[in-house]
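Let me begin by presenting the structure, written as C-alpha cells, before commenting on it.
We count residues from 1, following the sequence as given. The figures that follow rest on heavy atoms only: side chains count, while hydrogens, waters and symmetry mates do not.
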Amino acid sequence: MTIRLDSAANPAGDVEALQNAFMICMVRLVRAKDFYGLWSGDGDAELLAKFITAHEQRRAIPTVGDLDPLTLWRLNTFYAAVGVAIEERSNLLVSRTMEISPDGIGRVLFTTKRLVLLSSTLRNVHNFGFNSLRKCADTGTRLVSEAVAVVKAYPDVARRDEKIASWKPWPNLKN
C-alpha cells in the first residue's frame, strides 16, 4: 500500500507513525468509509489529523450535553480499526460491542467465539482524541497486541468449533 505523505498536514511530523501497521489499517478503514470521495485528494497524514486534538482543544470541549457526532465518529473509527487489526493478526473473526451513555461513559468489548479478547472502559468520551499521531499509533498497537496475546494464551477457546447439530433440546421425546 502506498502511503501518501503531506508534510504540511502532518501536525506532529510523525512520518514513522504513519508507517505503523495499525495506522495503515486505520487509513484503509477511513478511506473505505469515504463513500463519496470527499477525502480522496487528502494525504494519509491529513486524514489522520482528524484524530489529533490538542490539550487546549480538549479543555474547551464541554462535558455536559450530547456527544459531538465527530467525536463519536473518531471513537467508532478508532475501535473499528483495532478490531480489523486484531482480525488480521489473529486470523479470527472478531466481534465488537460498544455501549456509550449520553454522559460519555461506556465500554468497548472485543470477542471471538467464546473468548473475550479485550474489554476497555471508556471515560470522558467527550474529549476523545490523541495528542499526536505517535500516541494514536502506540495506543492502537498496544490494544491489538493485548488482544492477540489473549488469543495466544487461550488458542483452544478462541478457535473452538461448536457442534450445534449434535445438540438435542429434548432427548426423551421420540419421533
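- Between R134 and N20 there is a side-chain heavy-atom pair separated by less than 4.5 Å.
- With contacts defined as side-chain heavy-atom distances shorter than 4.5 Å, the pair D44/R31 qualifies.
- A 4.5 Å side-chain heavy-atom check between M98 and I100 finds at least one atom pair inside the cut-off.
- In the hydrophobic clustering of ILVMFWY residues, with side-chain heavy atoms under 4.5 Å counting as a link, M23 and W39 come out together.
- Ring planes of F78 and F22: perpendicular class, angle over 60° (limits at 30 and 60°).
- No side-chain heavy atom of K50 sits under 4.5 Å from any side-chain heavy atom of V30.
- The closest side-chain heavy-atom distance from V150 to L118 is not below 4.5 Å.
- Rounded to the nearest 0.5 angstrom, L70 CG and F51 CZ are separated by 8.5 Å.
- Remark: side-chain polar atoms of R74 are paired, donor with acceptor, to backbone N or O of F128 under 3.5 angstrom.
- Contact check for D34 versus L38: side-chain heavy atoms found under the 4.5 Å cut-off.
- Counting heavy atoms from C-beta on, the side chains of K113 and V157 never come closer than 4.5 Å.
- No more than 12 heavy atoms of other residues, nucleotides or ligands lie within 6.0 Å of CZ in R123, so this atom counts as exposed by the packing criterion.
- In this structure, CG in L47 is found 11.0 Å from CG in L29, a value given to the nearest 0.5 Å.
- Linking Ile, Leu, Val, Met, Phe, Trp and Tyr whenever their side-chain heavy atoms come within less than 4.5 Å puts V82 and L122 in one cluster.
- Counting all heavy atoms, side chain and backbone alike, I86 lies closest to A147 at CD1-CB, 3.4 Å.
- Rounding to the nearest 0.5 angstrom, the gap separating the CG atom in N124 from the NE2 atom in H126 is 8.0 Å.
- Scored by the side-chain contact (heavy atoms from CB on, under 4.5 Å) test, T112 finds L92, L115, L117, A158 as partners (sequence neighbours excluded).
- R107 pairs in a side chain to side chain donor-acceptor pair (under 3.5 Å) with only one of the listed residues (S119, S120, S101), which is S119.
- Here the OG-CG distance, from S132 to D138, works out to 7.5 Å after rounding to the nearest 0.5 Å.
- Note that CG of L93 is 9.0 Å distant from OG1 of T111, once rounded to the nearest 0.5 Å.
- Scanning all heavy atoms of the two residues, the minimum distance from A85 to C25 falls at N-SG, 3.9 Å.
- The side-chain tip of K33 does not point at the ring of W73 from less than 6.0 angstrom away and within 45° of straight on.
- Interatomic distance, R159 CZ to N91 CG, rounded to the nearest 0.5 Å: 6.5 Å.
- Within the structure, the salt bridge (Lys or Arg N to Asp or Glu O under 4.0 Å) test picks out the following pairs touching residues 141-154 (sequence neighbours left out): R142-E146.
- When the options L75, N76, T77 are evaluated for a side-chain contact (heavy atoms from CB on, under 4.5 Å) with Y79, the one that passes is L75.
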